[in-house]
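One structure is given here, and the rest of the page talks about it.
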Amino acid sequence: MTSFNTIDKTDAGAITTFAKRLSDKTLRQICGNEIVNHGYSGKGNFGQILEKFYFEYAPNSEAEPDFKEAGLELKTSPLKIMLKTQAFHAKERLVLNIINYREIVHQGFNNSSFWKKNAHLLLVFYHPEKDKDIIDYLIKLVEDWRFSTSDLAIIQKDWELIKAKVVAGKAHELSEGDTFYLGACTKGGKGGNPRHQPNSKILAKQRAYSLKRGYVNHIVASIAGNETALYGKLIDDSSTVQDIATVVIRKFKQYYGKTTDEIIALLGISINKNSKSFHASLTKVILGIELNKEIAEFEKAEVTVKTVRLKKNNLPKEDISFPTFKYKEIIEESWDESRFKEILEHKFLFVFYQENAEKQLILKQVKFWNMPYSDIQEVKKLWIETAARIKNGRAADLPKKSEHSICHVRPHAQNAKDTYETPQGNHVVKKCFWLNSQYIRDAIYL
DNA sequence: GCATGATCATGC
DNA sequence: GCATGATCATGC
């Protein structure tokens, strides 16, 4: 193989071309058997082996990009194959450099450690398979990446929010749901590797900048050129306003106080009022997205839309459900790696309608929301209690609404015969966590 | 009127 | 066939 040492290190194009030789190959094929005794094991080491044996430099954690003369940062990330479409998707968020709490408060975006390191990425996507050695993973996609103008505007806004929280002495309250594309994800194993922060005595978990999985999906699809879904954009590079929340709220606001019938008439469209997807369709139409398309920004930011019907007293008619959990799986999870915590760390868009005297639905308010850190800590207690009861054979008796102010557990199944097996071997109706209607009213709507 | 249990509709 | 979002039914 041609050595990387023959490549012009100031030329990002030449480095990318050299990297592209990896496409559709494995590390063993490209580097030969010299890497069999690579000495690395376990997750996350694909990148280190690639750096050491292909690019021939020692893994480091410097503030400069990996190829600093070319301003290019090497990142490797795993893909998974979607069963239905056989298309490649991002398996995980893409973790970037550590957020230095002491430094960020003195930085602007353009001289931030995030931007210095990640303005230009060299991405290597590989396909990990169980039971295979890391060096036998197939490398599927290799490409350099720069953020589009409109994406960068959103990422900069995300960065400003992360900084503002650290400036306010709230680094310990950072959550991935705070932001749209650029997340602050935990990094550093169990215990969260607590760090000092500048404006508070409270220790904060170590966190890194990361691109959300939905955003990495967008990168993968755009590199592979095989978008399976159709996307409609709220914002493009020529938009005057480049902020997701501002654009969305502005579009909805002109219909506040109007009934769904009036909104439909004003929009001049016809959608089936009796369909259960009526509200989802109406949301898309208000946002100017065609019904057969997905909202590009929401997919990239992994925004979950929830439609809520309020009663006259502002209390939602229903609690909000989440996916069911399997009794035998939840007891094997820890809270920090739990599916439910991951769900709660997403950003939500709530669309509130309220019933009037004639039983018509009036659009009241839309709100982007993510669960505050302190509430997530409360839910953690409920989750632990739930797992403990299941372990103790009490799957039929899980925390009720009266036991917790934020969430409860309740059936969510086709019918009473639709069950999952418990650790004890009996079958109990499928259940899930629900967000209490009172909490939705008090913590989100009002 | 609400908590709790139960079930429906849709789309993949 | 099942996951998911949404909604209904009953009894206290």
Side-chain angles (χ1 to χ4, degrees), chain A residues 80-87 89 214 217 227-231 260 271-284 289-295 298-299 302-330 339-340 342-344 346-355 359-361 366 369 382 385-386 389 394-422 427-442 444-445:
Chain A
K80 64 177 178 185
I81 296 179
M82 301 304 281
L83 286 176
K84 284 167 200 160
T85 58
Q86 291 295 302
H89 279 233
N217 265 338
E227 300 255 11
T228 48
L230 290 166
Y231 295 99
T260 52
I271 39 180
N272 181 5
K273 272 198 79 172
N274 297 319
S275 166
K276 267 210 166 181
S277 58
F278 170 73
H279 287 108
S281 299
L282 190 55
T283 292
K284 275 190 193 170
I289 305 291
E290 291 172 66
L291 291 181
N292 62 344
K293 293 186 177 174
E294 303 300 328
I295 304 167
F298 287 11
E299 298 288 317
E302 300 175 40
V303 170
T304 306
V305 181
K306 297 282 186 189
T307 304
V308 178
R309 296 179 308 158
L310 301 166
K311 298 187 287 186
K312 281 187 222 91
N313 61 3
N314 291 338
L315 196 68
K317 278 186 90 154
E318 308 289 345
D319 310 303
I320 286 178
S321 66
F322 293 100
T324 55
F325 53 77
K326 294 191 172 77
Y327 302 112
K328 290 167 78 170
E329 285 179 8
I330 197 170
R339 174 93 180 94
F340 192 45
E342 190 194 312
I343 290 169
L344 291 182
H346 275 74
K347 192 173 277 301
F348 294 86
L349 176 70
F350 279 90
V351 184
F352 292 102
Y353 293 92
Q354 190 164 39
E355 255 179 30
K359 294 269 174 191
Q360 292 170 306
L361 289 177
V366 292
W369 177 84
L382 173 91
E385 169 69 15
T386 300
R389 288 194 197 175
R394 295 172 63 195
D397 172 32
L398 297 178
K400 300 172 188 302
K401 200 174 187 174
S402 51
E403 297 176 53
H404 200 274
S405 61
I406 300 175
C407 283
H408 64 279
V409 183
R410 203 164 101 220
H412 189 198
Q414 294 302 312
N415 53 51
K417 292 190 185 101
D418 187 17
T419 61
Y420 282 129
E421 193 179 9
T422 67
H427 287 263
V428 173
V429 66
K430 292 178 183 173
K431 295 184 184 180
C432 74
F433 291 97
W434 297 72
L435 211 51
N436 296 353
S437 56
Q438 290 84 351
Y439 177 79
I440 298 166
R441 178 190 62 193
D442 299 335
I444 308 175
Y445 178 66

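Fair warning: this is a prediction, and the values are worked out from it, not measured in the lab. A note on names: the letters A, B, ... follow the listed sequences, proteins ahead of strands, and every chain is numbered from 1.
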Remember a base hit wins even if backbone is also touched, and classify A:Asn313 as base, sugar-phosphate or nothing at under 4.0 Å, heavy atoms.
sugar-phosphate
So that I can tick it off, tell me whether A:Arg389 and A:Glu403 are bridged by a salt bridge, with the cut-off set at under 4.0 angstrom between side-chain N and carboxylate O.
yes
Would you classify A:Lys417 as touching base, sugar-phosphate or nothing, given that sugar-phosphate means primed atoms plus P, OP1 and OP2, and contacts are heavy atoms under 4.0 Å?
nothing
Give one of base, sugar-phosphate or nothing for A:Ser437, where a contact means two heavy atoms less than 4.0 Å apart.
nothing
Going by the angle between their ring planes, with limits at 30° and 60°, are A:Phe325 and A:Tyr327 parallel, tilted or perpendicular?
perpendicular
Sorted by first residue and then second, give each salt bridge (Lys or Arg N to Asp or Glu O under 4.0 Å) pair with at least one member in residues 404-420 of chain A; sequence neighbours left out.
A:Asp319-A:Arg410, A:Asp418-A:Lys430
Taking 5' to 3' order, which nucleotide of DNA chain C is first and which is last to have an atom within less than 4.0 Å of a heavy atom in chain A?
C:dA3 to C:dC8
In degrees, rounded to 10°, what is the bend between the two ends of the helix from B:dG1-C:dC12 to B:dC12-C:dG1, using five pairs at each?
20°
What pairs with A:Asn314 under side chain to side chain contact (heavy atoms under 4.5 Å, CB included), at least two apart in sequence or on another chain?
A:Gln354, A:Arg441, A:Tyr445, A:Leu446
Strand-adjacent residues in residues 404-413 of chain A, judged by heavy atoms under 4.0 Å from DNA chain B
A:Arg410, A:Pro411, A:His412, A:Ala413
Students often get this wrong, so: under 4.0 angstrom with heavy atoms, is A:Lys311 touching a base, only sugar-phosphate, or nothing?
sugar-phosphate
Under 4.0 Å, heavy atom to any atom of DNA chain C: which of residues 314-327 of chain A qualify?
A:Glu318, A:Asp319, A:Ser321, A:Pro323
Is it true that A:Glu302 and A:His346 share a donor-acceptor pair across their side chains at a distance under 3.5 Å?
yes
Is the A:His412 to A:Phe322 ring centre distance short of 6.0 Å?
no
Taking C-beta and beyond as the side chain, do A:Leu382 and A:Phe433 meet within less than 4.5 Å on heavy atoms?
yes
Does a donor on one side chain and an acceptor on the other come within less than 3.5 Å for A:His404 and A:Asn436?
no
Pick the closest DNA chain C nucleotide for A:Gln414 and for A:Trp434 by heavy atoms, then say which residue is nearer the 5' end.
A:Gln414
Just checking A:Tyr420: base, sugar-phosphate only, or nothing, at a heavy-atom cut-off of under 4.0 Å?
sugar-phosphate
So A:Gln438, base contact, sugar-phosphate only, or nothing? Heavy-atom distance under 4.0 Å.
sugar-phosphate
Any salt bridge between A:Glu355 and A:Lys312, counting N to O under 4.0 Å?
no
Would you kindly say whether A:Ser437 and A:Lys317 are connected by a side-chain donor-acceptor distance under 3.5 Å?
no
